[in-house]
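A short worksheet on the structure shown next.
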Protein chains: 2
Amino acid sequence: MELAAAKLKFIEAWGKLGSEWGINRTMAQVHALLLISPEALTTEEIMEALSISRGNANMTLRDLIGWGLIEKQHKAGERKEYFFADKDVWNISRQVAKERKKRELEPVLKVLNELSTVTGDEKDPAFKTFKKSVSDINKLALNVDKTLETMLKAEENWFWGSVLKVFK
Amino acid sequence: MELAAAKLKFIEAWGKLGSEWGINRTMAQVHALLLISPEALTTEEIMEALSISRGNANMTLRDLIGWGLIEKQHKAGERKEYFFADKDVWNISRQVAKERKKRELEPVLKVLNELSTVTGDEKDPAFKTFKKSVSDINKLALNVDKTLETMLKAEENWFWGSVLKVFK
DNA sequence: TTAAAGTTTCAATAATTATTGAAACTTTAT
DNA sequence: ATAAAGTTTCAATAATTATTGAAACTTTAA
């Protein structure tokens, strides 16, 4: 396969994967484009490469910065802004884990905590089932939280080394 | 908090979490409803509890069965079909992991494999960056795949025991 | 059979989410 | 000052995704 075709295929696949995981397709595609680009790109270049509008490009780039996945770069003597992505896949994973933990897991833990204070009749099967399910989910979520916490601090080799060794 | 309010809050939170992770909100809500219900429910009861149409309920229940998260139950002497959810949170996690691995991770691994056969000029930075990114992502995806594979075979206590012990 | 009970399908519609494009705004150089 | 280059905003629109509801279908029992 030629590089040009491969790039398109990569961008398409990354966009599809993103959308299956609740990430806007365009955002995933812009990230993919920057991931495989050795140079920082301008808004114009991104618009052109993905056939998207200026407004869309601007908002998407802002979101990606908000996720900590890309950065602005200023080139000396240039007026335009350039964007580039961290190419370290482990950093990317940690960044995504960190954001989703903050945006999604933590709010859920908060709700589960509130729900565990529910009051009712201990003899009522509906009450017992509710409490059991909430409590089990809470335990699982706390384990996931702790594991992510560790991942955020870990080096890639150490992390996978430990995890895969345990599972051999 | 009262049980009735807590149930609603749980269903709402589960629906929201689902939609943030690429799972249809209604599907997550129906699953939540069955998770906290000690008895199997009929389509009618589910429609009523969540204010959804018969068509929606039927399709959603079919999808949930397809994900292996709920089952049909036939009650002796009854014409209606009843639905109930496995309440074991570890089984649920494994089932979701199994399905997403099959539906999403495996197709991505296939594409990454194809993309690693890309041909081009080894001196070209664009080519080198592309190959490096694809190769790094491929390695990560393979590690995730192996870890999920282990999880699918594991017992909950063993799994979290091992993972959390490593990270202490 | 046939009619009642229950289930499934799917075209039409609604709701949600993403995108455009042009105007407003900001920055820089002259 | 002002004009050119670049960026941001957001109301309007498009595209996508979810939902309805009624008709078609299936199953069961009299």
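Below, read A as the first sequence line, B as the second, and so on, with proteins coming before strands; counting in each chain starts at 1.
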Check: B:K87 side chain, B:S37 main-chain N or O, donor-acceptor pair, under 3.5 Å: yes

Worked verdict on B:T150 versus B:K146 for side-chain contact (heavy atoms from CB on, under 4.5 Å): CA-CA 6 Å; B:T150 307; B:K146 273 189 244 162; 5.5 Å; no

Value in whole Å for how far the C1' atom of C:dT26 lies from NE2 of A:H74: 13 Å

Value in whole Å for how far the C1' atom of C:dT8 lies from CG of B:D63: 13 Å

Nearest-Å distance for atom pair CD/C1', residues A:E44 and D:dA5: 10 Å

Bracket notation of DNA chain D in which parentheses pair within the strand, [ ] cross earlier pairs, and | pairs with another strand (Watson-Crick or G-U, under 3.5 Å): ||||||||||||||||||||||||||||||

SB check B:K16 B:E12 (cutoff 4.0 Å): no

Spacing between B:Y82 atom OH and C:dG6 atom P, to the nearest angstrom: 9 Å

Letter per nucleotide, 5' to 3', of nucleotides 9-22 of chain C [B base touched, S only sugar-phosphate touched, - untouched; heavy atoms, 4.0 Å]: BB-------SSBB-

d(CG, B:L61; C1', C:dG6) in whole Å: 14 Å

Please set out all donor-acceptor pairs under 3.5 angstrom arising from side-chain atoms of residues 67-78 of chain A, sequence neighbours excluded.
from	atom 1	to	atom 2	distance (Å)
A:K72	NZ	A:E81	OE1	3.4
A:K72	NZ	A:E81	OE2	3.2
A:E78	OE2	A:Y82	OH	3.0

Distance, rounded to the nearest Å, where A:K75 contributes NZ and C:dT28 contributes P: 18 Å

SB check A:K102 A:E99 (cutoff 4.0 Å): yes

NZ (B:K101) with more than 12 external heavy atoms under 6.0 Å: yes

Nucleotide C:dT28, atom C1' - distance to CD of A:E81 in whole Å: 13 Å

Inter-residue atom distance B:R62.CZ - B:F83.CZ, 0.5 Å rounding: 10.5 Å

Parallel, tilted or perpendicular, as decided by the 30° and 60° cut-offs, for the rings of A:W90 and A:F159: tilted

A:E20/B:R100 ion pair, N-O < 4.0 Å: no

Options D:dT8, C:dT27, C:dG6, nucleotide nearest the side-chain atoms of A:R79: C:dT27

